[in-house]
A.B. asks: 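Pasting in a structure now, in structure tokens, and then I'll have a few things to ask.
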Amino acid sequence: MPELPEVETTLRGITPYLLGNTVAAVRVRDGRLRWPVAPELRRELPGRSVAGLRRRGKYLLISFEHGHVIFHLGMSGSLRILPSDTPPEKHDHLDLVLINALCLRLRDPRRFGAVLWTREPALTHPLLANLGPEPWDVHGDYLHQRAQGRRQAVKSFIMNSKTVVGVGNIYANESLFAAGIHPARPARSVSRLRYARLASSIRRVLDDAINAGGTTLRDFVDSRGRPGYFAQDLEVYGRGGLVCHRCGARIRHKRIGQRSAYFCIICQR
DNA sequence: CAACGGACCTGCCTGC
DNA sequence: TGCAGGCAGGTCCGTT
């Protein structure tokens with residue numbers, strides 16, 4: 001579910017409820033996520049107030065004066081603000097209970113997500129330290145430079161978080177369509193000019209998706225439980241066999257690097 | 001290094 | 001109706 005726009009939508013939704021608020025308790029119902037939920041949370045957070053929230057790639061950081069909670073929503077995670085006495089449902093694994101009778105609740109059916117704790121500067125955490133730049137700091141020359149010598153498909157190249165963070169499968173497909181680049185083309189064979197086009201397509205697609213509240217395919221909901229509306233704007237993702245909105249050809253579907261790629265062979269070269 | 005496959009986990013859909 | 005198989009928004013890790 002969550003790519004960068006969904007994480008950003010979640011961050012914007014929860015920030016007003018958390019910033020400056022104080023944690024009363026931490027409830028862990030099932031700590032078996034990708035890694036075990038940090039056991040320190042239960043002793044470190046009660047009585048402490050939230051000093052800041054931010055996003056880095058698809059990671060969501062909740063900062064306290066003495067450390068940071070690092071969330072990753074994996075494939076199926078979502079965070080919601082609810083009254084703290086709301087009965088939990090099946091995959092509601094964790095609550096940060098706040099002193100004003102609200103709570104931040106993590107739901108994650110597939111349990112690919114993560115909830116970690118660090119006392120070090122958040123960006124020095126091993127999971128964050130080697131991330132590439134945010135999409136809004138990426139320009140064509142940088143991509144072109146980094147692609148030199150790489151035979152890997154350009155789609156896999158831009159989905160690599162060391163190249164650029166936040167470009168998951170939906171938005172990789174959409175950005176490549178918008179830029180007119182075939183997803184299987186070797187990264188090193190894309191010209192500098194076309195990388196400039198791709199960099200701006202990535203930014204525009206992500207901005208549009210954020211403004212639509214993210215993409216809901218099956219179950220993404222924002223912090224208030226509402227779906228995102230970008231799915232209706234998708235040009236290629238999930239549209240295999242349907243007609244291209246630009247040229248009328250059939251959208252193709254194949255696997256590239258073990259992920260589904262959707263593209264138009266007329267519009268993308 | 002780069003590139004690839006496997007691993008983690010549950011739910012949903014399709015086809016027999 | 002049941003069941004096997006394939007697929008899904010991510011990304012770390014081990015092996016070539």
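Protein chains get the first letters and strands the later ones, always in sequence-line order, with residue 1 at the start of each. Just so you know, these numbers use all the heavy atoms, side chains as well, and skip hydrogens, waters and symmetry mates. Computed from a prediction, not measured in an experiment: that's the story for all the values here.
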A.B. asks: Salt bridge or not for Arg192(A) and Asp141(A), using N-O below 4.0 Å?
C.D. replies: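 So Arg192(A) pairs with Asp141(A) through a salt bridge.
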
A.B. asks: Look at all strands and tell whether Tyr59(A) reaches a base, only sugar-phosphate, or nothing, counting heavy atoms closer than 4.0 Å.
C.D. replies: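 Sugar-phosphate, backbone atoms only, no base.
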
A.B. asks: Is the distance between the ring centroids of His66(A) and Trp117(A) less than 6.0 Å?
C.D. replies: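 Aromatic pair counts; centres sit under 6.0 Å.
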
A.B. asks: Starting from C1' on dC1(B), measure out to CG on Asn160(A) and report it in whole angstrom.
C.D. replies: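 Atom CG in Asn160(A) sits about 12 Å away from atom C1' in dC1(B).
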
A.B. asks: For Ser161(A), answer base if it contacts any base atom (sugar-phosphate contacts may also be present), sugar-phosphate if it contacts only those atoms, and nothing otherwise; contact means non-hydrogen atoms under 4.0 Å.
C.D. replies: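 Nothing, no nucleic acid heavy atom in range.
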
A.B. asks: Without decimals, in angstroms, what is the distance between Phe157(A) CZ and dC1(B) P?
C.D. replies: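 In whole Å, dC1(B) P and Phe157(A) CZ are 16 Å from each other.
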
A.B. asks: Should Arg29(A) and Asp95(A) count as an ion pair when the cut-off is N to O under 4.0 Å?
C.D. replies: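 Salt bridge present between Arg29(A) and Asp95(A).
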
A.B. asks: Does dC9(B) have a Watson-Crick or wobble mate here (both distances under 3.5 Å), and if so which one?
C.D. replies: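 Pair assignment: dC9(B) / none.
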
A.B. asks: Verify the contact: side-chain N or O of Arg259(A) to OP1 or OP2 of dG9(C), cut-off strictly under 4.0 Å; return yes or no.
C.D. replies: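 Checking dG9(C) against Arg259(A), a side-chain N or O does come within under 4.0 Å of OP1 or OP2.
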
A.B. asks: Between Glu8(A) and Arg12(A), is the closest basic N to carboxylate O distance under 4.0 Å?
C.D. replies: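 A salt bridge is present here (some side-chain N lies under 4.0 Å from a carboxylate O).
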
A.B. asks: To the nearest Å, give me how far apart OH (Tyr237(A)) and C1' (dA8(C)) are.
C.D. replies: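 Spelled out: OH on Tyr237(A) to C1' on dA8(C) is 6 Å.
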
A.B. asks: Quick check on side-chain contact (heavy atoms from CB on, under 4.5 Å): which of Val37(A), Leu127(A), Val69(A), Leu41(A) does Leu116(A) satisfy it with?
C.D. replies: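 Output: one option passes, namely Leu127(A).
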
A.B. asks: Hey, which sits more toward the 5' end of DNA chain B by its nearest nucleotide, Gln152(A) or Pro109(A)?
C.D. replies: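 Result: Gln152(A).
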
A.B. asks: CG of Leu234(A) versus C1' of dG9(C): gap in Å, rounded?
C.D. replies: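 Taking atom C1' of dG9(C) as the reference, CG of Leu234(A) is at 11 Å.
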
A.B. asks: Report yes or no: do Ser63(A) and His68(A) form a side-chain donor-acceptor pair below 3.5 Å?
C.D. replies: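 Indeed, the side chains of Ser63(A) and His68(A) share at least one donor-acceptor pair under 3.5 Å.
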
A.B. asks: Does Phe112(A) stack onto the base of dG10(C), taking stacking as ring centres under 5.5 Å apart and planes under 30° apart?
C.D. replies: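 So Phe112(A) counts as stacking on the base.
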
A.B. asks: Rounding to the closest angstrom, what is the interatomic distance between dG6(C) and dG6(B) at atom P?
C.D. replies: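 Here dG6(C) and dG6(B) have their P atoms 13 Å from each other.
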
A.B. asks: Output the rounded distance in Å from CZ (Arg111(A)) to P (dT10(B)).
C.D. replies: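 Distance check: Arg111(A) CZ to dT10(B) P gives 4 Å.
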
A.B. asks: Base of dA3(B), side chain of Arg151(A) - is there a donor-acceptor contact under 3.5 Å?
C.D. replies: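 For Arg151(A), whose side chain was compared with the base of dA3(B), there is no donor-acceptor pair (under 3.5 Å).
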
A.B. asks: Measure CH2/Trp35(A) against C1'/dC12(C) and give the value in whole Å, please.
C.D. replies: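 Value for this atom pair: 6 Å.
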
A.B. asks: May I ask you to say what Lys90(A) touches in the nucleic acid, namely base, sugar-phosphate or nothing, with a heavy-atom cut-off under 4.0 Å?
C.D. replies: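 Sugar-phosphate only.
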
A.B. asks: So, OP1 or OP2 of dC9(B): does either fall under 4.0 Å of a side-chain N or O from His91(A)?
C.D. replies: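 Negative; the distance criterion is not met.
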
A.B. asks: Does Arg239(A) count as lying over the ring of Phe263(A), i.e. NZ or CZ under 6.0 Å from the six-ring centre, within 45 degrees of the axis?
C.D. replies: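 Checked: cation-pi criterion not met.
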
A.B. asks: Rounding to a whole Å, what distance do you find between Lys58(A):NZ and dG10(C):C1'?
C.D. replies: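 Checked: the NZ to C1' distance equals 6 Å.
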
A.B. asks: Taking only side-chain N and O atoms of Tyr171(A), does any of them lie within less than 4.0 angstrom of OP1 or OP2 on dG9(C)?
C.D. replies: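 Negative; the distance criterion is not met.
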
A.B. asks: Base, sugar-phosphate, or nothing for Arg34(A), non-hydrogen atoms under 4.0 angstrom?
C.D. replies: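 Base: the residue Arg34(A), judged by heavy atoms under 4.0 Å, touches a nucleobase.
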
A.B. asks: Counting just side-chain N and O atoms, does Arg255(A) come under 4.0 Å of either OP1 or OP2 of dA8(C)?
C.D. replies: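 Yes.
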
A.B. asks: Distance check: side-chain N/O of Ser76(A) vs OP1/OP2 of dG10(C), anything under 4.0 Å?
C.D. replies: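 No, because none of the side-chain N or O atoms of Ser76(A) sits under 4.0 Å from OP1 or OP2 of dG10(C).
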
A.B. asks: If you compare every side-chain N and O of His72(A) against the phosphate oxygens of dG10(C) (OP1, OP2), does one of them come in below 4.0 Å?
C.D. replies: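 No, His72(A) has no side-chain N/O under 4.0 Å of OP1/OP2 on dG10(C).
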
A.B. asks: For dG9(C) versus dA3(B), give the span between their C1' atoms, rounded off to a whole number of Å.
C.D. replies: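 Result for the C1' pair: 23 Å, nearest Å.
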
A.B. asks: Using atom CD of Glu6(A) as one end and atom C1' of dG9(C) as the other, report the distance to the nearest whole Å.
C.D. replies: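 That distance rounds to 7 Å.
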
A.B. asks: Hey, does the side-chain of Arg110(A) have a donor or acceptor N/O within less than 3.5 Å of a partner on the base of dC9(B)?
C.D. replies: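 Under the 3.5 Å cut-off, the side chain and the base do form a donor-acceptor pair.
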
A.B. asks: With a 3.5 angstrom cut-off on both distances, give the Watson-Crick or G-U wobble partner of dC16(B), or none if there isn't one.
C.D. replies: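 Across any shown strand, dC16(B) pairs with dG2(C).
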
A.B. asks: What's the closest nucleotide to the side chain of Gln258(A) if the choices are dT11(C), dG5(B), dG9(C)?
C.D. replies: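 The closest nucleotide is dG5(B).
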
